[in-house]
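Read the structure below first, then the notes.
First the proteins, then the strands, lettered A, B, ... as listed; each starts at 1.
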2 protein chains.
Amino acid sequence: EKEMVTGISYTKNEAKITISGIPDKPGVSSLIFGILSDSNINVDMIVQNISQDGLRANVTFTVQEREMNLAKKILEKNRDLIDFHYISTNADVSKVSVIGVGMKSQSGVAKKMFKALADLKINILAISTSEIKISVLINRKMTNKAVKKLHKAYVL
Amino acid sequence: EKEMVTGISYTKNEAKITISGIPDKPGVSSLIFGILSDSNINVDMIVQNISQDGLRANVTFTVQEREMNLAKKILEKNRDLIDFHYISTNADVSKVSVIGVGMKSQSGVAKKMFKALADLKINILAISTSEIKISVLINRKMTNKAVKKLHKAYVL
Ligand SMILES: C[C@@H](O)[C@H](N)C(=O)O
Ligand SMILES: C[C@@H](O)[C@H](N)C(=O)O
């Protein structure tokens, strides 16, 4: 199954925001992203993993770095409405992605991408995928090294 | 910023596997997806959120339902090597996605998608995005309702 990786992309102007301890019941994500959308805050990556206890979950999303503080402020203002434990932000991240066509079997592409990052001792902070893209959040200062290594790994 | 949602897609033949308590240090995701890839297990969606304590993280991925038990077996065999707390599986999920072009501001698309699901009291189990796609994992028996509602919401 030849995966066709066609490019590596990255952003260095995003910040990540994680809302921890949101109720894992219908309507919560709708409320959160409704509030962000209504405040005209653009969101790029959204990652939410399965809740461990079935009661509370965590959601991470990225915004333009310049909108990070506003987004956090707006969410804090709505703390009682949303009902979350805390918000953590990190502007020292970058999103690095491997883009391809026909990546029906992500595991092969993921293996190579994650191995390239592991070889550079780069810690993967978050992962989000679609059929044509695997994106990871990593420490921003490792971006150039990561991108260079990925170009080598995929012979691009 | 008109988001151009062009379609709704879904899969009903995938199962989700969550590996909880994996060390949050370089090389772990590489090891996990290396093992899966080497066993020829195809992976579709991968979701990993930021680790809460900086020590342990959780990763969720989907496989073809018929490969779920094999994938779990292989990971359990490698328990000491990977060093994780536990593996949980769920075959009663489906992946529902909103596909679009120019979804530069995901929050607007996410707001509408999540609201449609919330109106049907459908719980969002996991979220993964790319610029052209927002995917969620939901309870499989709600799939048809969800897809129908999304087609209405986006006038498709
Ligand atoms: C955690 C959050 O996604 C919740 N499950 C919801 O459906 O809104
Ligand atoms: C949790 C896992 O993704 C780890 N951070 C790694 O880089 O492999």
Contact list (residues 86-97 of chain B to chain A, heavy-atom gap under 4.5 Å, by number) returns B:Y86, B:K95
Within residues 24-35 of chain B, contacts to chain A at heavy-atom distances under 4.5 Å involve B:D24, B:K25, B:P26, B:G27, B:S29, B:S30, B:F33, B:G34
In this structure, CD1 of A:I50 is separated from CD1 of B:I124 (nearest 0.5 Å) by 12.0 Å
Rounding to 0.5 Å, atoms CD (A:E131) and OG (B:S135) come to a distance of 6.5 Å
Output for pair (A:D44 CG, B:T129 OG1), nearest 0.5 Å, gives 6.5 Å
dist A:N58:CG -> B:N58:CG (nearest 0.5 Å) comes out at 9.0 Å
Examine A:V59 and A:L36 and state if one hydrophobic cluster contains both, with Ile, Leu, Val, Met, Phe, Trp and Tyr joined whenever side-chain heavy atoms are less than 4.5 Å apart. yes
Rounded to the nearest 0.5 angstrom, the OG-CD distance for A:S128 and B:Q48 is 11.0 Å
Pairwise side-chain contact, B:I132 with A:K133, heavy-atom cut-off 4.5 Å (strictly under):
no
| query | Taking a hydrophobic cluster as the set of Ile, Leu, Val, Met, Phe, Trp and Tyr residues connected by side-chain heavy atoms closer than 4.5 Å, whether directly or through intermediates, do B:I122 and B:L125 fall within one such cluster? | reply | no
### Query
Take atom NZ in B:K77; do more than 12 heavy atoms of anything else shown fall under 6.0 Å from it?
no
So, the part of A:I46 with a heavy atom under 4.5 Å from chain B: the answer is both
Bottom line for B:D38: the part with an atom under 4.5 Å from chain A's heavy atoms is side chain
message = So does A:I41 get a backbone contact from the side chain of B:S107, meaning a donor-acceptor N/O pair under 3.5 Å?
response = yes
Using the rule that Ile, Leu, Val, Met, Phe, Trp and Tyr join whenever any side-chain heavy atoms are under 4.5 Å apart, tell me whether B:V43 and B:I19 fall into a single cluster.
yes
B:D53 meets the side chain to side chain contact (heavy atoms under 4.5 Å, CB included) criterion, sequence neighbours left out, with B:S51, B:L55, B:R56
Are A:F114 and B:V63 connected into the same hydrophobic cluster when the rule is that any two of I, L, V, M, F, W, Y join if their side-chain heavy atoms are below 4.5 Å apart? yes
Query raised in the report: After noting the C-alpha distance and the side-chain angles of A:Q52 and B:T18, does the key distance pass the side-chain contact (heavy atoms from CB on, under 4.5 Å) rule?
Result: CA-CA 9 Å; A:Q52 288 295 296; B:T18 299; 4.1 Å; yes
Taken in chain and number order and not counting sequence neighbours, the residues that satisfy side chain to side chain contact (heavy atoms under 4.5 Å, CB included) with A:N13 are A:T11, A:Q64
Q.
Just checking B:K12: does its NZ atom have more than 12 heavy atoms from other residues, nucleotides or ligands closer to it than 6.0 angstrom?
A. yes
> Is A:L150 reachable from A:I138 through a run of hydrophobic residues whose side-chain heavy atoms are each under 4.5 Å from the next?
Replying inline: yes
